[in-house]
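Below is one structure; the comments refer to it alone.
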Amino acid sequence: MIDQDKVRQAVRLLLEGIGEDPDREGLAETPERIARMCEEIYGGLDETAEVHLRKTFEAEENEMVLEKDLVFYSTCEHHLLPFFGKAHIAYIPDGRVVGLSKLARTVEVFARRPQIQEQLTGQIADALMRFLQPRGAMVLIEAEHMCMTMRGIKKPGSRTVTMAKRGCFLEYPELEHTFFAMLGTGK
């Protein structure tokens, strides 16, 4: 649960620390705005993927299910700057499937918390394996990190790509090839 009072106090201190006047007209309501914003962008800290992945449906077909181009926004835990991009999720059902929107909601659970991309990718794959119990899962995330584009090395447009494979995706390399073919990357 976000402690609104602590966030407001911290924002006031930050503004003072950078040499600003937190009481000037343009900044007077900023601590309150930031506190409300934190409820939204860090709301995943109070959620679990199980809520979204526990309602499944029987399925006779056990072929790959791919949900691609799931846009997400997250916050780098090292600099508290945004990173954003697309997640691509595939799984091989084992008699049960989940509603497609639940895959997008699973991405949001983990993206809406201070995070690193490598961990985000693995958390999504692990949640699928734990709560959906498919034969296998694969997650690929492509993201741009503001800590790389607006500060430090300043390389706008650069993207970081991470991948996590679980279950049968580790055992059968042809499944990875099918995944990339379905994404249209032709790897």
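Below, each value reflects all heavy atoms present in this structure, side chains not excepted, and no hydrogens, waters or symmetry copies. Sequential numbering from 1 along the given sequence is applied to the chain's residues.
In terms of heavy-atom proximity, C76 sits nearest to C147 at SG-SG, 4.2 Å. Among all heavy-atom pairs drawn from P93 and N62, the shortest one is O-OD1, 3.2 Å. For L66 against A90, the heavy-atom pair with the smallest separation is CD1-CB, 3.9 Å. The two residues A127 and T106 make their nearest non-hydrogen contact at CB-CG2, 4.4 Å. Here the shortest heavy-atom pairing between L175 and I92 reads CD2-CD1, 4.2 Å. Pairing each heavy atom of S158 with each of K155, the nearest pair is OG-O, 2.9 Å.
Between R159 and E144, none of the side-chain N atoms (NZ, or NE/NH1/NH2) sits under 4.0 Å from a carboxylate O, so this pair counts as no salt bridge. Salt-bridge formation is detected for the pair R112/E47: a Lys NZ or Arg NE/NH1/NH2 atom is positioned less than 4.0 Å from an Asp or Glu carboxylate oxygen. Between D21 and R12 no salt bridge is recorded (no basic side-chain N to carboxylate O distance below 4.0 Å).
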What do the steps show when you test E142 against H88 for side chain to side chain donor-acceptor pair (under 3.5 Å), and what is the final call?
CA-CA 9 Å; E142 305 171 74; H88 313 288; 2.8 Å; yes
Evaluate the criterion side-chain contact (heavy atoms from CB on, under 4.5 Å) for residue pair R96 and Q133; output intermediate values, then yes/no.
CA-CA 8 Å; R96 309 285 300 169; Q133 299 182 340; over 6 Å; no
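Counting only heavy atoms from C-beta outward, the side chains of V7 and Q4 never approach each other to under 4.5 Å. Using a 4.5 Å heavy-atom threshold, the side chains of M129 and P134 count as touching. For the pair Q123/Q115, a side-chain contact is recorded, criterion being any heavy-atom separation below 4.5 Å from C-beta on. Put simply, the side chain of E174 does not reach to within 4.5 Å of the side chain of F169, judged on heavy atoms. Counting heavy atoms from C-beta outward, T149 and K154 have side chains that stay 4.5 Å or more apart.
Every salt bridge (charged side-chain N to carboxylate O under 4.0 Å, His left out) that D126 has, sequence neighbours left out, goes to R166. Looking at residues two or more places apart in sequence or on another chain, you find no side-chain hydrogen bond (donor to acceptor under 3.5 Å, both in side chains) involving E67.
For the atom pair L170 CG and K165 NZ, the distance stands at 6.0 Å (nearest 0.5 Å). Here CE of M1 is found 10.0 Å from CG of D3. Values are rounded to the nearest 0.5 Å. With rounding to the nearest 0.5 angstrom, the CG atom of D69 is 4.0 Å from the NZ atom of K86. The CD atom of E40 lies 11.5 Å from the CD1 atom of I2; values are rounded to the nearest 0.5 Å. In this structure, OG in S74 is found 9.0 Å from CD in E108, a value given to the nearest 0.5 Å.
If you chain together ILVMFWY residues whose side-chain heavy atoms come under 4.5 Å of each other, I153 ends up grouped with M148. In this structure, F131 shares a hydrophobic cluster with L53, F57, V65, L70, F72, F83, I89, Y91, V97, V98, L100, L103, V107, V109, F110, L120, I124, L128, L132, V139, I141, the cluster being traced through Ile, Leu, Val, Met, Phe, Trp and Tyr side chains under 4.5 angstrom apart. L81 belongs to a hydrophobic cluster whose remaining members, ordered by chain and number, are V71, Y73, F84, M146, M150; membership requires side-chain heavy atoms of ILVMFWY residues under 4.5 Å apart, directly or through intermediates.
In this structure, Y172 is a member of the same hydrophobic cluster as M182, with clusters built from ILVMFWY side-chain heavy atoms closer than 4.5 Å.
Enclosure of atom CD in E61 is not indicated, since only 12 or fewer non-hydrogen atoms of other residues, nucleotides or ligands lie within 6.0 angstrom.
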Output a table of donor-acceptor pairs, distance under 3.5 Å, between side-chain atoms of residues 26-37 and any protein atom two or more places apart or on a different chain; print 'none' if there are none.
unit_1 : atom_1 : unit_2 : atom_2 : d
T30    : OG1    : L27    : O      : 3.4
T30    : OG1    : R33    : NH2    : 2.9
E32    : OE1    : R8     : NH1    : 3.0
R33    : NH2    : G26    : O      : 3.4

